[in-house]
Asks: 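Below is a structure I'd like to ask you about.
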Amino acid sequence: MGNKAILLSLTMRTIFFLIFGLVIISVLELTGATNAMKEAEKWWPYQAILANIASFIVLRYFLKREGKSYNSILHFKKKKFGKDILKGLLYLLISFPFAAIGLYGVAYLVFGTMQPPTNMMQAIPLGAAVIALILFPLSNALVELPTYFGYAFPRIEKKWGSVALAIVLPALFLSLQHGPLPIVLGGDYMTWRLLAFIPLAFVVAFLFHKTRNITPLLIAHFVMDLQMVMYVLLAALGILVA
């Protein structure tokens, strides 16, 4: 367990979001899209899914070097799953107000209105939306929080002997990773994306610190991500217009 592995675990998702965002933009450009960057915004679930796959591969590599399994950072225990579901729903209730403070409060500070941007609620082909509805929340739940809290948190705490640092660094990088998802060139938008998730990220970090059990947090995270990608499906069905 070296400093480089810890640093990469904190930064790799932001890097992967940027890389795969650029890949999607490039593909759209090659296929003749008039405005490839704007068109790529609607494909953000696949940008995230690809980043999740890449993150999983890197984490598996790091854990294999330590002689550990992926479940060692998931902390999943079948006999406690029922209780973890109930805890997950409780954490969901705790988390939602902080998510709202970030999304709507920062929107008001940056844009002067409590209405956040709706560019992540655009329609994609229905089949792609259904696949995203399944793969995005599942892959995100199994990789995102395990990266920052299942892997990075305990190693920062052990390496530098600081609980505060173990809370702050994963929470900050968890929040900042949202900046390039999707890639939008605009100072106000980027500021909103970078700051909007800070309250939620610190609540998640605090809950993990207190419980050292990531499974309920994964369940809460899955529900929140499912709700987000539902907007994409509704847009694909023509029920929601961004």
Side-chain angles (χ1 to χ4, degrees), residues 12-14 16-25 27-28 31 39-60 69-71 73-78 80-82 84-89 91-93 95-96 99 103 116-151 174 177-178 180-183 193 197 200-201 204 214-242:
M12 67 177 178
R13 289 181 59 75
T14 304
F16 286 142
F17 284 149
L18 182 59
I19 289 172
F20 289 113
L22 292 173
V23 168
I24 291 172
I25 291 171
V27 170
L28 291 170
T31 54
E39 182 72 15
E41 291 179 14
K42 65 179 66 174
W43 291 98
W44 67 265
Y46 286 87
Q47 182 184 352
I49 290 166
L50 291 170
N52 288 334
I53 293 171
S55 297
F56 176 79
I57 292 170
V58 174
L59 278 180
R60 281 289 302 270
S69 68
Y70 202 78
N71 192 50
I73 62 173
L74 292 180
H75 308 144
F76 177 74
K77 295 180 180 178
K78 187 175 180 179
K80 293 185 177 181
F81 189 57
D84 285 337
I85 290 176
L86 294 177
K87 289 179 181 178
L89 295 176
Y91 293 168
L92 190 65
L93 292 175
S95 300
F96 260 125
L103 292 173
T118 58
N119 59 317
M120 295 181 75
M121 301 177 186
Q122 300 180 64
I124 57 177
L126 182 58
V130 172
I131 294 171
L133 184 70
I134 298 168
L135 294 184
F136 169 68
L138 181 61
S139 64
N140 220 37
L142 292 175
V143 177
E144 185 167 277
L145 297 189
T147 296
Y148 294 109
F149 301 109
Y151 184 85
L174 170 59
Q177 70 166 11
H178 294 87
L181 182 69
I183 296 174
R193 289 290 293 175
F197 295 90
L200 177 61
V204 172
I214 206 169
T215 304
L217 293 170
L218 301 188
I219 293 167
H221 195 216
F222 175 86
V223 175
M224 296 181 81
D225 286 336
L226 181 65
Q227 172 257 330
M228 185 62 211
V229 81
M230 274 294 298
Y231 290 122
V232 176
L233 179 62
L234 293 175
L237 291 169
I239 298 173
L240 178 71
V241 178

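Since we're looking at a predicted model, the values are computed, not measured.
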Asks: With rounding to the nearest 0.5 Å, note down the distance linking NZ in Lys42 to CG in Asn119.
Replies: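 Lys42 atom NZ to Asn119 atom CG measures 11.5 Å (nearest 0.5 Å).
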Asks: Using 0.5 Å steps for rounding, measure from the CD1 atom of Ile124 to the CD atom of Glu39.
Replies: 10.5 Å
Asks: What class does the angle between the rings of His178 and Phe197 fall in, given that below 30° is parallel, 30 to 60° is tilted and above 60° is perpendicular?
Replies: parallel
Asks: Measure from the side-chain N and O atoms of Glu144 to the backbone N and O of Arg13, and report whether any donor-acceptor pair falls under 3.5 Å.
Replies: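 Answer holds: no.
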Asks: Is there a side-chain contact between Met12 and Thr147, using heavy atoms and a 4.5 Å cut-off?
Replies: yes
Asks: Taking all atoms of both residues into account, what is the closest heavy-atom pair of Leu233 and Leu133, and its distance?
Replies: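 Reported closest heavy-atom pair: CD2-CD2, 3.7 Å.
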Asks: To check you understand the geometry: which heavy-atom pair defines the closest contact between Val229 and Pro137, and what is its length?
Replies: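 Nearest pair, atom of Val229 first, then Pro137: CG1-CD, 4.2 Å.
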Asks: Which heavy-atom pair separates Ala128 from Tyr46 by the least distance, and what is that distance?
Replies: O-OH, 2.6 Å
Asks: Atom CG of Leu89 and atom CG of Asp84: how far apart are they, to the nearest 0.5 Å?
Replies: 11.0 Å
Asks: Should Ile53 and Ser139 count as side-chain neighbours, where that means a heavy-atom distance under 4.5 Å?
Replies: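 No, too far: nothing below the 4.5 Å cut-off.
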Asks: Check whether any side-chain heavy atom of Ile73 sits under 4.5 Å from a side-chain heavy atom of Ile214, and report yes or no.
Replies: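 Contact flag for Ile73/Ile214 side chains = no.
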Asks: Please report the shortest heavy-atom distance between Phe17 and Gln177, naming the atom on each side.
Replies: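 Answer, listing the atom of Phe17 first, then Gln177: CD1-O, 3.2 Å.
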Asks: What are the two closest heavy atoms between Leu92 and Met224, and how far apart are they?
Replies: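 Here Leu92 and Met224 meet closest at CD1-CG, 3.3 Å.
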Asks: I'd like to know whether the aromatic ring centres of Phe76 and Phe81 sit less than 6.0 Å apart in this structure.
Replies: yes
Asks: Are the side chains of Leu217 and Tyr91 in touch, meaning some heavy atoms are under 4.5 Å apart?
Replies: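 When only atoms from C-beta onward are counted, Tyr91 and Leu217 do touch, with a gap below 4.5 Å.
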Asks: Within the 4.5 Å heavy-atom criterion, are Tyr70 and Pro146 side-chain neighbours or not?
Replies: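 The answer is yes, as the side chains (C-beta and beyond) meet within the 4.5 Å cut-off.
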Asks: I'd like to know whether Leu74 forms a side-chain contact (heavy atoms from CB on, under 4.5 Å) with Asn71, so could you lay out the CA-CA distance, the side-chain angles of the two residues, the decisive distance to 0.1 Å, and finally the verdict.
Replies: CA-CA 5 Å; Leu74 292 180; Asn71 192 50; 3.7 Å; yes
Asks: Within this structure, what is the CD1-CG distance for the pair Ile19 and Leu22, rounded to the nearest 0.5 Å?
Replies: 8.0 Å
Asks: Quick check: do Leu174 and Phe149 have side-chain heavy atoms less than 4.5 Å from each other?
Replies: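 Yes, close enough: below the 4.5 Å cut-off.
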Asks: Are Phe16 and Val58 side-chain neighbours, meaning at least one heavy-atom pair lies under 4.5 Å?
Replies: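 With C-beta onward as the side chain, the pair touches.
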Asks: For the CZ atom of Phe222 and the CG atom of Asn140, what is their distance to the nearest 0.5 Å?
Replies: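 Between atom CZ of Phe222 and atom CG of Asn140 there are 10.5 Å.
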Asks: Of the non-hydrogen atoms in Ile24 and Trp43, which two are nearest, and what is the gap between them?
Replies: CD1-O, 4.0 Å
Asks: Taking the side chain from Gln47 and the backbone from Phe20, do they hold a donor-acceptor pair closer than 3.5 Å?
Replies: no
Asks: Can you tell me how far the CD atom of Gln122 sits from the CE atom of Met120, to the nearest 0.5 Å?
Replies: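 Gln122 atom CD to Met120 atom CE measures 10.0 Å (nearest 0.5 Å).
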Asks: How about Val232 and Trp44: do any of their side-chain heavy atoms sit closer than 4.5 Å?
Replies: yes
